[in-house]
Amino acid sequence: MRWLLLLMVVSFGSLAAAQDQGYEFRLLRQNDPVSKPDSQQSRSLYDKIKYVGLGTEGFLSFGASFRAQYEYFKNEEFDFSPNKENGWYLQRWLWHAHLKINNHLRIFGEMGSSLIYGKEELAPVDRDKLYLNQLLLQYRWREFTFNIGRENLMLGSRRLIDLREGPNIRRAFDQVSIDWQKGPTAIKLFAGIPVIPEPGIFDNDFLHGRELLFGLYANRVKTGNFALDLYYHGTYYSSNTYANGEGREFRHSLGGRIWKNQGGWRFDNEAILQFGAFDERDILAWTVSFNIINQIDTRNAIGLKTELISGNTSDQRLGTFNPLYPRGAYFGRVARFG
């Protein structure tokens, strides 16, 4: 695939130029600040790729990112098998284009390639040779933004809804959403279906309907970066499996988060209640998380982080907490939960 190798070379050179010129990159590249250069003269090649003016309001921008990882595990599954060691190399490329037509209409597209070498038993999130990661159409009107398409989604602390940055393939949803923001208050209303990754070229499932996520997320940031989040997530699975059975699941998650990320005292505390139905049983599950830090001086801090999660208690009621679509590593890199 010569054209793929050429894209890699061009992307690597562009990223090096971007570092030299102080460009800012966001985790979701559609949120990168893209602005018209102060001067049209003496622009570098990277400047000309990063911003192509289209009329008085529009622009076309290109970008890319590359990530390489090497992972090594000894007795990954914590069983009693002796000398169970394994290591592998992962790499991920993401190329994107951002088209602003005018002050109301934007289109963002992102293509990915996630490869892995040296691993015998592949997980579904390890390899996808070539795929469409995002394709998003946005229309802005006053305080509203209407979105439709494929999108990486992350909400709040990303405890329940995250783009899954840790593994080699990010999580995407085919969804519609409406964002409203006025001053310090923002509300997002959304409904989507998760994209199931496949290892080949442009072979990922879409709109398969076996899972559905919908909900509302509200956030208000007050003076001093003190903030409050309130949210509801609804999830439907045509078939889900737990230790005590398999069946259809319709679950509701009500949550609240209070946090502050600046100043001497910082905290991020969250509580979630889940209810609904699994097969012929009711669901009642919950989690509470505390993360409190005291910044003693510029070099030293002391903190406490803990989390309580409900488990199953009987055959008549399902008490197992469902983390939905989380970032995964709740307690650290060895993510036995989530």
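- Counting only residues at least two apart or in different chains, salt bridge (charged side-chain N to carboxylate O under 4.0 Å, His left out) contacts with residues 97-112 are absent.
- His104 contributes a side-chain N or O that, together with a main-chain N or O of Arg140, makes up a donor-acceptor pair within less than 3.5 Å.
- Between Tyr232 and His252, the angle of the ring planes stays under 30°, which puts this pair in the parallel group of the 30/60° scheme.
- Two residues are said to be in side-chain contact when any heavy atoms from C-beta on lie closer than 4.5 Å; Arg220 and Phe226 fail this criterion.
- Under a 3.5 Å cut-off, the side chain of Asp126 and the backbone N or O of Ala123 do form a donor-acceptor pair.
- Qualifying salt bridge (Lys or Arg N to Asp or Glu O under 4.0 Å) partners for Glu165, counting only residues two or more places apart in sequence or in other chains: Arg67, Arg92, Arg170.
- Between Arg29 and Phe108, the closest side-chain pair of non-hydrogen atoms falls below 4.5 Å.
- Here CD of Glu57 is found 4.0 Å from CG of Asn103. Values are rounded to the nearest 0.5 Å.
- Among residues two or more places apart in sequence or in another chain, the side chain to side chain contact (heavy atoms under 4.5 Å, CB included) test is passed with Phe62 by Ile49, Leu60, Ala97.
- Going from atom CH2 of Trp95 over to atom OG of Ser65 covers 9.5 Å, rounded to the nearest 0.5 Å.
- Put simply, Tyr117 and Ile201 are part of the same group of oily side chains (I, L, V, M, F, W, Y) that touch within less than 4.5 Å, one to the next.
- Here Gln175 pairs with Glu151 under the side chain to side chain donor-acceptor pair (under 3.5 Å) rule; sequence neighbours left out.
- Side-chain atoms of Gln134 come within 3.5 Å of backbone N or O of Asn152 as a donor-acceptor pair.
- Contact annotation: the side chain of Leu273 approaches that of Leu284 to within less than 4.5 Å [non-hydrogen atoms, C-beta and beyond].
- A donor-acceptor contact shorter than 3.5 Å is absent between the side chain of Asn133 and the backbone of Met111.
- Annotation for Ile296: hydrophobic cluster partners, listed by chain and number, are Ile302 (ILVMFWY side-chain heavy atoms under 4.5 Å, direct or chained).
- Using a 4.5 Å cut-off on side-chain heavy atoms (C-beta onward), Trp265 and Lys260 make no contact.
- Looking at Thr235 and Glu211, their side chains never bring a donor and an acceptor atom within 3.5 Å of each other.
- Placement of Ile272 and Leu318 in two distinct hydrophobic clusters is found when ILVMFWY residues are connected by side-chain heavy-atom separations under 4.5 Å, directly or transitively.
- Proximity of a side-chain donor or acceptor of Ser310 to a complementary backbone N or O of Gly319 within less than 3.5 Å is detected.
- Counting Ile, Leu, Val, Met, Phe, Trp and Tyr side chains that sit under 4.5 Å apart, directly or through other members, Leu28 shares a hydrophobic cluster with Leu27, Met154, Leu163.
- Every residue two or more places apart in sequence or in another chain was checked for a salt bridge (Lys or Arg N to Asp or Glu O under 4.0 Å) with Arg142, and none qualifies.
- Taking the six-membered ring for Trp, Phe250 and Tyr237 have ring centres at least 6.0 Å apart.
- Between Leu136 and Gly149, the shortest heavy-atom distance links the atoms CD1-N, 4.4 Å.
- The side chain to side chain contact (heavy atoms under 4.5 Å, CB included) search around Ala68 returns Phe66, Tyr89, not counting sequence neighbours.
- Looking at Asp279 and Arg248, no side-chain N of the basic residue comes within less than 4.0 Å of a carboxylate O on the acidic one, giving no salt bridge.
- Partners of Glu249 according to the side chain to side chain donor-acceptor pair (under 3.5 Å) rule, which considers only residues two or more places apart in sequence or in another chain, are Asn240, Tyr242, Arg251, Asn322.
- Across all their heavy atoms, Ile258 and Phe267 have their closest contact at O-CD1, 3.7 Å.
- A donor and an acceptor atom, one from each side chain of Trp259 and Asp229, are located under 3.5 Å apart.
- Partners of Glu246 according to the side chain to side chain contact (heavy atoms under 4.5 Å, CB included) rule, which considers only residues two or more places apart in sequence or in another chain, are Ser239, Thr241.
- Asp268 and Asn261 form no side-chain donor-acceptor contact under 3.5 Å, judged by distance and modelled atom types alone.
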Only distances under 3.5 Å count here; give the side-chain donor-acceptor pairs of residues 188-197 to other protein atoms, sequence neighbours excluded, each with its distance to 0.1 Å.
unit_1	atom_1	unit_2	atom_2	d
Lys188	NZ	Asp179	OD1	3.0
Lys188	NZ	Asp179	OD2	3.3

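- Heavy atoms from other residues, nucleotides or ligands lying under 6.0 Å from CD1 of Ile148 number 12 at most.
- Side-chain heavy atoms closer than 4.5 Å link hydrophobic residues (I, L, V, M, F, W, Y) into clusters, and following such links, even through other members, never connects Phe275 to Phe278.
- No donor-acceptor pair under 3.5 Å is formed between the side chain of Arg164 and the backbone N or O of Tyr325.
- One distance of note links CD of Gln138 with CG of Leu105; it measures 9.5 Å at 0.5 Å rounding.
- A heavy-atom distance below 4.5 Å is not found between the side chains of Arg150 and Phe173.
- Not a single ring-ring contact (aromatic ring centres under 6.0 Å, His included) links Tyr70 to another residue, sequence neighbours left out.
- Using a 4.5 Å heavy-atom cutoff, the side chains of Val288 and Glu307 are not in contact.
- Under the 3.5 Å distance criterion, with hydrogens and angles disregarded, a donor-acceptor pair is assigned to the side chains of Ser177 and Asn147.
- A distance of 9.0 Å separates CG of Leu90 from OG of Ser114, quoted to the nearest 0.5 Å.
- If you take CD1 on Ile161 and CG on Leu324, they are separated by 5.5 Å, rounding to the nearest 0.5 Å.
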| Does the side-chain contact (heavy atoms from CB on, under 4.5 Å) test come out yes or no for Ile116 and Leu122, once each step is laid out? | CA-CA 9 Å; Ile116 184 168; Leu122 297 184; 3.7 Å; yes

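- Considering every non-hydrogen atom in both Leu94 and Gly112, the closest pair reads CD2-CA, 3.7 Å.
- Between the side chains of Asn204 and Glu198, no donor N or O sits under 3.5 Å from an acceptor N or O.
- Nearest heavy-atom pair across Gly200 and Asp128 is O-OD1, 3.0 Å.
- Residues Leu99 and Leu54 meet the side-chain proximity criterion, which asks for heavy atoms closer than 4.5 Å.
- The hydrophobic clustering, which links ILVMFWY residues whose side-chain heavy atoms are closer than 4.5 Å, places Tyr139 and Ile107 together.
- When all heavy atoms are compared, the tightest approach of Val221 to Asn219 is CG2-OD1, 3.5 Å.
- Counting heavy atoms from C-beta on, the side chains of Leu213 and Tyr236 never come closer than 4.5 Å.
- Using a 4.0 Å cut-off between charged side-chain N and carboxylate O, Arg26 and Asp32 make no salt bridge.
- Side chain to side chain, Ser253 and Gln274 meet the donor-acceptor criterion of an N or O pair below 3.5 Å.
- Note on Val52: it clusters hydrophobically with Ile101, by side-chain heavy-atom contacts below 4.5 Å among ILVMFWY residues.
- Of all heavy-atom pairs between Ala271 and Tyr231, the closest is O-OH, 4.4 Å.
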| task | Report the C-alpha distance between His233 and Phe214 in whole Å, list the side-chain angles of each, state the deciding distance to 0.1 Å, and finish with yes or no for ring pair (Phe, Tyr, Trp, His ring centres under 6.0 Å). | result | CA-CA 6 Å; His233 301 322; Phe214 55 93; 9.6 Å; no

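- Residue Ile292 holds its CD1 atom at 6.0 Å from CG of Leu304, rounded to the nearest 0.5 Å.
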